[in-house]
Amino acid sequence: MIRLDAVRHRWRGLPLAIAFIALVWAIDVAAQARAVLIGFLALAPLLAAAVERARRTALVAALAALAALSSGLFGARFGSLDHLLRVAVVIAVGVVSIYVARARGLREERLRRVTEIARVTQQAVLREVPEQVGGVALAARYVSAYEAAQVGGDLYEVVDSPYGVRMIVGDVCGKGLEAVRLATTVMGAFRQSAFVRPDLLTVAEDLDLAVERDLGIAGRPGFVTAVLVEFGVGTDRDRMRIANCGHPAPLRRPAGGEVEALEPALTTPPLGLSRGARPALVEYDWRPGDRLLLYTDGLVEARDGTGNVLPIAAIQSRLAVPDRQQSLDDILDRLLGHVGGRPQDDIALLLAEHRPADPPG
């Protein structure tokens, strides 16, 4: 969206600058007074430099200089000292404008490259969630609080393990590259541990150690809130287990039922905050058609201009939308409308639905 808007502004710049040149030239010629309006032509290349590239700015600068010269043909002032000085000013400002446009273009190109690097980094850190893993259908969204950034300290991951489909959604305390690095550590540890550990609580312990070790190496305090979910397999496929480490409670919507928050039975500190802390493992029914929404606190703590948080009912109603992708889009649309623009905190959403995979063939 940012790139398209920039293109539109650039295409507006050239015709506006040319129209301005024509207007000033026409007024100056019609007045047939002393050459007092020529200096205003210098504004045209400045206008172009703000939104156009160097070549198009150079075209505007040349047109402005030509208009300044030709206006002297009327009123017998061509070649006078006053006329030549004002033409020189227009030419000088035009040259400066070309330099400004070139410098701005180089900065935009560097920003584009950094944005592309951020996009690739996001794909490496937050891998695309498949639409179906075993008997679990999935959808995910990530929204960064920073317009130029596409990845932050919020995280999610899904692993198809021998012990069932396992998921995590987490939120790193802090911002910037340090938060991204710690989020990468957590997801890497989860991908490994979730596949080999038969017990979800042992997975949580592994993550706790990984966070503690990472923070110790970095020499700084911090923590990661996280919620881990395991969907059973085989005869256990209608059960799910949740281990919550200081994270907002997931929202479950039973098929045709009311949405409920799955609060942990025991409050457990976040990862990395208390060595050896074991979250309570709570089991719930997981029937065909049920949905589970995991999210970070950027969703439930988003505030509008008066300081009011997003009503939970606004989220619940949109969980009933049949299409999972559309459901998450509707939740984000409602959130962005609530805050009046970009949120102040990163947001990660992971929606799971109990839906048996289609048989092969």
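A quick note: this is a predicted structure, and the numbers were derived from the prediction, not measured. These numbers come from the heavy atoms of this one structure, side chains and all, not from hydrogens, waters or symmetry mates.
At least one side-chain heavy atom of Asn244 sits less than 4.5 Å from a side-chain heavy atom of Pro250. In this structure, the side chains of Arg127 and Glu157 come closer than 4.5 Å at one or more pairs of heavy atoms. Considering only heavy atoms from C-beta on, Asp214 comes within 4.5 Å of Arg181 through its side chain. Using a 4.5 Å heavy-atom threshold, the side chains of Val158 and Val165 count as touching. Side-chain contact check for Leu138 versus Met167: some heavy-atom pair is nearer than 4.5 Å. Val51 places none of its side-chain heavy atoms less than 4.5 Å from the side chain of Leu16. Between Phe190 and Arg166 the shortest side-chain heavy-atom distance falls below 4.5 Å. Using a 4.5 Å heavy-atom threshold, the side chains of Leu335 and Ile331 count as separate.
Between Ala65 and Ile91, the closest heavy-atom pair is CB-CG1, 3.8 Å. Residue Leu350 comes nearest to Ala140 through the heavy atom pair CD1-CB, 3.8 Å, listed as atom of the first residue, atom of the second, then distance. For the pair Val203 and Ser193, the tightest heavy-atom approach, listed with the atom from each and the gap, is CA-OG, 3.5 Å. A pairwise comparison of heavy atoms in Val129 and Tyr156 identifies CG2-CE1, 3.5 Å as the closest pair. Shortest non-hydrogen contact noted between Ala48 and Ala17 is CB-CB, 4.4 Å. What you find for Trp25 and Ser70 is that their closest heavy atoms are NE1-OG, 2.9 Å.
Hydrophobic clustering, with ILVMFWY side chains joined whenever heavy atoms are under 4.5 angstrom apart, keeps Tyr163 apart from Val133. Under the 4.5 Å side-chain heavy-atom criterion for grouping Ile, Leu, Val, Met, Phe, Trp and Tyr, Leu332 is connected to Ile312 within one hydrophobic cluster. Two different hydrophobic clusters hold Ile18 and Ile98 under the rule that ILVMFWY side chains link at heavy-atom gaps under 4.5 Å. Under the 4.5 Å side-chain heavy-atom criterion for Ile, Leu, Val, Met, Phe, Trp and Tyr, Val96 and Leu63 are members of distinct hydrophobic clusters. Neither Leu209 nor Phe195 shares a network with the other; the hydrophobic side chains, linked directly or stepwise wherever heavy atoms of I, L, V, M, F, W or Y lie under 4.5 Å apart, form separate groups for each.
Asp346 CG to Asp171 CG: the interatomic distance, rounded to the nearest 0.5 Å, is 7.5 Å. Distance check: Met240 CE to Glu283 CD gives 10.5 Å after rounding to the nearest 0.5 Å. Between the CD1 atom in Ile315 and the CG atom in Leu328 there is a gap of 11.0 Å [rounded to 0.5 Å]. Annotation: the span from Leu23 atom CG to Phe40 atom CZ amounts to 11.0 Å, rounded to 0.5 Å. With values rounded to the nearest 0.5 angstrom, Ile21 atom CD1 is found 10.5 Å from Leu43 atom CG. The distance from the CZ atom of Arg102 to the OG atom of Ser97 is 15.0 Å, given to the nearest 0.5 Å.
With Thr57 contributing its side chain and Arg53 its backbone, the two residues share a donor-acceptor pair below 3.5 Å. A donor-acceptor pair under 3.5 Å is absent between the side-chain atoms of His247 and the main chain of Val227, judged by distance alone. Of the possible donor and acceptor atoms, none in the side chain of Glu230 sits under 3.5 Å from a partner among the backbone N and O of Gly232.
Residues forming a side chain to side chain donor-acceptor pair (under 3.5 Å) with Glu109 (at least two apart in sequence, or on another chain): Arg112, Arg113. Residues passing the salt bridge (Lys or Arg N to Asp or Glu O under 4.0 Å) test with Asp206, sequence neighbours excluded: Arg197. With sequence neighbours excluded, no residue forms a salt bridge (Lys or Arg N to Asp or Glu O under 4.0 Å) with Asp160.
The one candidate from Val229, Leu351, Leu349 that meets the side-chain contact (heavy atoms from CB on, under 4.5 Å) condition with Leu294 is Val229. Screening Leu41, Leu66, Leu69 against Val90 for a side-chain contact (heavy atoms from CB on, under 4.5 Å) leaves a single residue, Leu41.
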Candidate pair Leu14 and Val60, rule side-chain contact (heavy atoms from CB on, under 4.5 Å), full reasoning = CA-CA 7 Å; Leu14 182 60; Val60 173; 3.4 Å; yes

Determine, stepwise, if the pair His354 / Asp238 fulfils side-chain contact (heavy atoms from CB on, under 4.5 Å).
-> CA-CA 9 Å; His354 189 171; Asp238 289 337; 3.2 Å; yes

Criterion side-chain contact (heavy atoms from CB on, under 4.5 Å) on Arg239 and Asp285, from CA distance to verdict | CA-CA 5 Å; Arg239 302 291 290 173; Asp285 289 334; 2.5 Å; yes

Hey, can you pull the donor-acceptor pairs under 3.5 Å for the side chains in residues 255-266, sequence neighbours left out?
| from | atom 1 | to | atom 2 | distance (Å) |
| --- | --- | --- | --- | --- |
| Glu260 | OE2 | Arg252 | NE | 3.0 |
| Glu260 | OE2 | Arg252 | NH2 | 2.3 |

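Side chain to side chain, Gln325 and Arg141 meet the donor-acceptor criterion of an N or O pair below 3.5 Å.
The stretch residues 288-300 participates, sequence neighbours left out, in these side chain to side chain donor-acceptor pair (under 3.5 Å) pairs: Asp154-Thr296, Arg291-Glu353.
Residues Phe223 make up the rest of the hydrophobic cluster containing Leu273, defined by ILVMFWY side-chain heavy atoms closer than 4.5 Å, directly or through other members.
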